[in-house]
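As structure tokens, the structure follows; a few thoughts come after it.
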Amino acid sequence: MAPSKKTMLFVCLLVAAVAVVVPIAQGQINIGGLIPALLGVLRVQGTVFCSANGGATVGTNGTILTPAFANATVQLRCGAGNGTVFGTAQTNSNGAFSIMLDYSFFALPQILSGCRAVVTTPLASCNATLASTGTLTSTLTSLGSTTAGPLLIFNISANLFVRTV
């Protein structure tokens, strides 16, 4: 008995689906840039130090002399004034933070031109001799992109932080 038309149609569709899905899963296909755009993330990262401007003092031998600002809250804010918060992270024991954003909702030029990293934890919490008011704010710079399997990662760095009152 010959297979029905419905069975043949089902088999053809199944073969076509597998032919498309397997290369995508292995990261071997790029349909006009569509796949990386769908599987892309923006990673905003940086390091905050416990100083009046969030920067580090480096010794003559290259050693960082300024302590890290651990457990500080860093927000990604976009727009005028205080802006809208699009992401939040806590710094680790080395003062490093990383905020991940879905590339399908944000464009790289939009983030670079209209957003900033803001440390909202008062400086006095890491050193009582520093200010207890104000925030540290940094502009952002693109560091290029990397890939991890089918995932395209746009790396963005916080620049030098500036204290604002």
Side-chain angles (χ1 to χ4, degrees), residues 24-30 33-165:
I24 290 174
Q26 295 174 348
Q28 299 173 351
I29 188 169
N30 181 351
L34 177 64
I35 299 305
L38 294 176
L39 299 176
V41 294
L42 297 165
R43 177 174 53 197
V44 178
Q45 56 195 352
T47 303
V48 184
F49 293 94
C50 187
S51 66
N53 65 358
T57 301
V58 180
T60 55
N61 62 354
T63 305
I64 296 176
L65 304 174
T66 310
F69 194 164
N71 300 313
T73 299
V74 181
Q75 296 177 336
L76 179 68
R77 294 185 186 177
C78 303
N82 285 334
T84 302
V85 177
F86 284 103
T88 301
Q90 292 294 122
T91 58
N92 65 16
S93 60
N94 298 318
F97 69 91
S98 180
I99 299 171
M100 304 292 272
L101 301 170
D102 184 345
Y103 183 66
S104 63
F105 295 106
F106 301 95
L108 183 60
Q110 170 193 11
I111 297 296
L112 295 175
S113 66
C115 300
R116 59 210 172 274
V118 179
V119 180
T120 59
T121 305
L123 286 168
S125 67
C126 70
N127 182 338
T129 64
L130 297 174
S132 60
T133 60
T135 59
L136 294 173
T137 304
S138 171
T139 57
L140 305 172
T141 301
S142 174
L143 297 177
S145 62
T146 55
T147 56
L151 185 64
L152 181 61
I153 303 167
F154 295 95
N155 298 297
I156 302 168
S157 176
N159 298 317
L160 294 175
F161 284 89
V162 176
R163 186 171 172 270
T164 55
V165 182

Excluding sequence neighbours, so at least two apart, what forms side-chain contact (heavy atoms from CB on, under 4.5 Å) with [X]?
X: Thr57; result: Leu65, Thr66
X: Ala124; result: Ser132
X: Ser142; result: Leu108, Leu112

Legend entry - Pairs where residues 106-128 contributes a residue and the test side-chain hydrogen bond (donor to acceptor under 3.5 Å, both in side chains) is met, not counting sequence neighbours: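 Every side-chain hydrogen bond (donor to acceptor under 3.5 Å, both in side chains) pair that includes a residue of residues 106-128, provided the two are not neighbours, is Asn127-Thr129.
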Legend entry - Polar side-chain atom of Arg163 near backbone of Leu123 as donor-acceptor pair, under 3.5 Å: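 No, because the side chain of Arg163 does not come within donor-acceptor range (under 3.5 Å) of the backbone of Leu123.
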How many angstroms lie between atom [atom1] of [X] and atom [atom2] of [Y], to the nearest 0.5 angstrom?
X: Ile153; Y: Thr146; atom1: CD1; atom2: OG1; answer: 4.0 Å
X: Leu130; Y: Leu136; atom1: CG; atom2: CG; answer: 9.5 Å
X: Leu42; Y: Phe154; atom1: CG; atom2: CZ; answer: 7.0 Å
X: Leu101; Y: Arg43; atom1: CG; atom2: CZ; answer: 12.0 Å

For residues 81-90, which side-chain N or O atoms pair as donor and acceptor with protein atoms under 3.5 Å away, sequence neighbours left out?
unit_1 : atom_1 : unit_2 : atom_2 : d
Gln90  : OE1    : Thr73  : OG1    : 2.6
Gln90  : NE2    : Asn71  : O      : 3.1

Shortest non-hydrogen separation from [X] to [Y] and the atoms involved:
X: Ala158; Y: Gly46; answer: CB-CA, 4.5 Å
X: Phe69; Y: Pro122; answer: CZ-O, 3.5 Å
X: Ile64; Y: Ala56; answer: CG2-CB, 3.7 Å
X: Ser93; Y: Ala70; answer: CA-CB, 3.9 Å

Legend entry - Neighbour count above 12 (heavy atom, 6.0 Å) for Leu151 CG: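 Result for CG/Leu151: enclosed.
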Inset, instruction - Verify side chain to side chain contact (heavy atoms under 4.5 Å, CB included) between Val44 and Val74, making sure each step is shown before the conclusion. - result: CA-CA 10 Å; Val44 178; Val74 181; over 6 Å; no
Inset, instruction - Among residues two or more places apart or on two chains, list those pairs meeting disulfide bond (SG atoms under 2.5 Å apart) that have a residue in residues 79-165. - result: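 Sorted result for residues 79-165: Cys50-Cys126, Cys78-Cys115.
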Inset, instruction - Output every pair passing disulfide bond (SG atoms under 2.5 Å apart) with a member in residues 130-159, not counting sequence neighbours, ordered by first then second residue. - result: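 Residue pairs with at least one partner in residues 130-159: there are none.
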[X]: what forms a side-chain hydrogen bond (donor to acceptor under 3.5 Å, both in side chains) with it, not counting sequence neighbours?
X: Thr139; value: Asn159
X: Ser138; value: none
X: Thr135; value: Thr164

Legend entry - Note, Phe161 side chain near Val119 side chain (heavy atom, < 4.5 Å):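 Yes, at least one pair of side-chain atoms sits under 4.5 Å.
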Inset, instruction - Find out whether Ile156 and Ile111 are in side-chain contact, i.e. whether some heavy atom of one side chain is under 4.5 Å from a heavy atom of the other. - result: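 Touching, per the 4.5 Å side-chain cut-off.
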Inset, instruction - If a pair satisfies ring pair (Phe, Tyr, Trp, His ring centres under 6.0 Å) and one of its residues is in residues 45-66, list it, with sequence neighbours excluded. - result: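 Passing the test, one end in residues 45-66: no pairs.
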Legend entry - Pairs flagged by ring pair (Phe, Tyr, Trp, His ring centres under 6.0 Å) wherever residues 108-144 is involved - sequence neighbours left out: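 For residues 108-144, and leaving out neighbouring residues, there are no ring pair (Phe, Tyr, Trp, His ring centres under 6.0 Å) pairs at all.
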Inset, instruction - Could you walk me through whether Asn92 and Phe97 pass the side chain to side chain contact (heavy atoms under 4.5 Å, CB included) test, one step at a time? - result: CA-CA 7 Å; Asn92 65 16; Phe97 69 91; over 6 Å; no
Inset, instruction - I would like to know whether Gln45 and Leu143 meet side chain to side chain contact (heavy atoms under 4.5 Å, CB included); could you show each step before the answer? - result: CA-CA 10 Å; Gln45 56 195 352; Leu143 297 177; 4.0 Å; yes
